[in-house]
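Chain identifiers are assigned alphabetically (A, B, ...) following the order of the sequence lines, protein sequences preceding nucleic acid strands; residue numbering begins at 1 within each chain. Treat the numbers as computed from the prediction; the structure is a model and nothing was measured.
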Amino acid sequence: MESFYITTAIDYVNGSPHLGHAYEKVLTDVIARFRRQRGDRVHFLTGVDEHGQKVQASAKKRGIPPQQFCDEVSAEFRALLPKLNITNDDFIRTTEARHQRVVRQVLQQLHDQGQIYLDEYRGFYSTRQEQFLQDKDRNPDGSWPEIYGEVTEITESNYFFRLRQHQEWLVDFLMQNEHFIFPAYRQKQVLEFLKEPLNDLCISRPRERLEWGIRLPFDENYVTYVWFDALLNYYSAVADKPGVWPATIHVIGKDILVPPHAVYWPIMLHAAGLPLPKGIVAHGWWLQRGAKMSKSTGNALNPLDLVAEFGVDAFRYFLIREMNVGQDSDFTLEQFMVRYNSELANNLGNLVNRTLNMTTRFAGGVVPAAGPDTELEQGLRALWAATRDAFIPLCEDFQFHTALERAMVFLTETNAYIEKRAPWKLGKSAAPEDAALLRTSLATMAEALRLAVTLIQHVTPATADKVRAVLGHAPGPDWKAELDWGGRLTGAKVAPALVLFPRPAPPTKP
RNA sequence: GCCAGGGUAGCUCAGUGGUAGAGCAGAGGACUCAUAAGCCUUUGGUCGCCGGUUCAAUCCCGGCCCCUGGCACCA
């Protein structure tokens, strides 16, 4: 049994969850479920990042303690998970004691090793925004934008991590581990980035400027800032669980790949003497080009509204079917409806319903044993074998959108098989050979359906369960064995009907 | 500016040195078990532009145009 530890990025609790948050959870869950059903020992972690300036400010604005603010917003993020049918094993908050303990321990260790040192940082500071500014923040004429108020150049003592010392090591590591980052071109970007010399990383903030954070164990006048806090969650969550670390995959958004996850994180681990993760998957963003959504025009699109209206599986299916992992994609209601109607409702849902209906009408609701085996059945079985054999490697390579496309082709061909066999004609015939072919056709379509939903069950788990239930089938524990074409359904009592993905009601006119 | 990826049917994309493909959308047809679904047939493209290599280029090379993403101390 292989250990498979997968994580999402932890979400910053300074706002409500949106489509991007939902996507990352769903993508990670699909990978986790896929590995789990293949027999890996999966540990799936997600969580929230609760420290920092913005949280402190938001809490202050509302006149409540930061911890209370975190409690409220964290609950909102946590509540998202069951709504999306996410199978995370753990949920970490960076304000938890287990996390703070590990962060302080690692910081102390690195300090003892001389990897962290005190130095002075000089820069332009905005009192109003309570932050240092960069040259890129300037107006074209060199002045500072109005929003920063008075800007003064100040010097501040802070602690620095010796990032630079490990630059060559990281380049070597990436050269030797070509597939560390997915997609591959992202790894090239990292190497490009590493052609410039790194600066050491400022990891602290004086407490007079930032109170809401984890205090440095070797200097109580400072808290650690962002990276040693947020990134270490992946390790702190499992530090007391033997055999889990290192992570197998960190799933993150492309915006936090370089430098945090691809540069800071490997170097932090290396410096601390901890094993490195096996890989990083950097996904793209959902865009909303085209018609701009707005509440005033009544076409606002909230992901959770889609879940409520069309079901969690339709939502998960769309995200995974539409997005090529690593690339960006448009999210439009039109495209959602196209996938929903043509693939889920018409191709799959209708196939379920017609199979149940015909089995009920022509075989008393019991799946018969297959009779004569002809070229038609052999053809469909051959397609199934090819579909399954292509599907699994595609999922291993994160090509879920292509894999689902293959599954859809199989369903289309199953529909075509039914047309060619025309059980409704066989059912009206008195000839014994027609009755035998009828049994074959009913057994074949039910089996094809069982196999198809089992194949895609990591994307649409609730649908797979529902379909197997109406087919009267309780799956065994061995997923791969369930993917063999056979006679498991013979004698099963099926439900009379099921409308899986109902067509949306036409808008009612007032 | 530098680096990377890309410009192929209305839309989303696949593709190969030798008369261009899929899905969806559009059109027509036969059928009726079914969620007016499913099946069959079909309209549709100067494969970004200009040169070059080649018997032959959408696919190789050069130049150009356009789009997207990345370029650190910023969850």
A/Arg421 side chain near B/C33 phosphate (N/O to OP1/OP2, under 4.0 Å): no

Watson-Crick or G-U counterpart of B/A20, or none if no pair lies under 3.5 Å: none

A/Glu192 near the nucleic acid: base, sugar-phosphate alone, or nothing, with a heavy-atom cut-off under 4.0 Å? sugar-phosphate

Is it true that A/Asp71 and A/Arg93 make a salt bridge, defined as a side-chain N closer than 4.0 Å to a carboxylate O? yes

Is the distance from OP1 or OP2 of B/G70 to the nearest side-chain N or O of A/Lys188 less than 4.0 Å? no

Complement of B/U58, any strand, by Watson-Crick or G-U distances under 3.5 angstrom: none

Please check if atom CD in A/Glu153 has more than 12 non-hydrogen atoms from other residues, nucleotides or ligands closer than 6.0 Å. yes

Write down the distance separating the P atoms in B/G62 and B/G5, rounded off to the nearest Å. 14 Å

Salt bridge check: are A/Glu419 and A/Arg354 linked by an N-O gap of less than 4.0 Å? yes

When you compare B/G45 with B/A22, how far apart are their P atoms, in angstrom units rounded to a whole number? 14 Å

Return the nearest nucleotide to the side chain of A/Leu198; candidates are B/C39, B/G23, B/A72. B/A72

Side-chain N or O of A/Arg503 versus OP1/OP2 of B/A37: is the shortest distance under 4.0 Å? yes

Looking for any heavy atom pair under 4.0 Å, which part of the strands does A/Pro423 touch: base, sugar-phosphate only, or nothing? nothing

If the C1' atom of B/A9 is compared with that of B/A27, how far apart are they to the nearest Å? 15 Å

When all nucleic acid strands are considered with a 4.0 Å heavy-atom cut-off, which category describes A/Gly52: base, sugar-phosphate, or nothing? nothing

Check the pair A/Glu192, A/Lys195 against salt bridge (charged side-chain N to carboxylate O under 4.0 Å, His left out), reporting the backbone distance first and the verdict last. CA-CA 5 Å; A/Glu192 198 61 35; A/Lys195 284 180 179 169; 3.2 Å; yes

Mate of B/A37 across any strand shown (Watson-Crick or G-U wobble, both atom pairs under 3.5 Å) is none

Nearest-nucleotide wise, let me know which of A/Leu351 and A/Ser329 is further upstream toward the 5' end of RNA chain B. A/Ser329

Pairwise P distance for B/C24 and B/C66, with rounding to whole Å: 36 Å

With a 3.5 angstrom cut-off on both distances, give the Watson-Crick or G-U wobble partner of B/U68, or none if there isn't one. B/A4

A/Asp49/A/Lys54 ion pair, N-O < 4.0 Å: no

Would one find a side-chain N or O of A/Asn346 under 4.0 angstrom from OP1 or OP2 of B/G38? yes

With both distances kept under 3.5 Å, what pairs with B/A14, Watson-Crick or G-U wobble? none

Have a look at A/Leu257 and say if it touches a base, only the backbone sugar-phosphate, or nothing, with a 4.0 Å heavy-atom cut-off. nothing

Would you indicate what A/Thr355 reaches in the nucleic acid, counting non-hydrogen atoms under 4.0 angstrom: base, sugar-phosphate, or nothing? nothing

Electrostatic pair A/Glu156-A/Arg205, nearest N-O below 4.0 angstrom: no

Which part of the nucleic acid, if any, lies within reach of A/Arg164 when heavy atoms closer than 4.0 Å are counted: base, sugar-phosphate only, or nothing? nothing

B/C65 and B/U12, which share atom name P, separated by this distance in whole Å: 25 Å

Are A/Tyr185 and B/C3 close enough that a side-chain N or O sits under 4.0 Å from OP1 or OP2? no

Distance, P atom - from B/U58 to B/C47, rounded to whole angstrom: 6 Å

Can you tell me how far C1' in B/C59 sits from the matching atom in B/G18, rounded to whole Å? 11 Å

Regarding A/Lys425, tell me which of base, sugar-phosphate or nothing describes its non-hydrogen contacts under 4.0 Å with the strands shown. nothing

Expressed as a whole number of Å, how far does the P atom of B/U54 sit from that of B/C13? 37 Å

As a test of reading the structure: which of B/A37, B/C24, B/C33 is closest to the side chain of A/Trp424, going by heavy atoms? B/C33

A/Glu168 and A/Arg164 ion-paired at < 4.0 Å: no

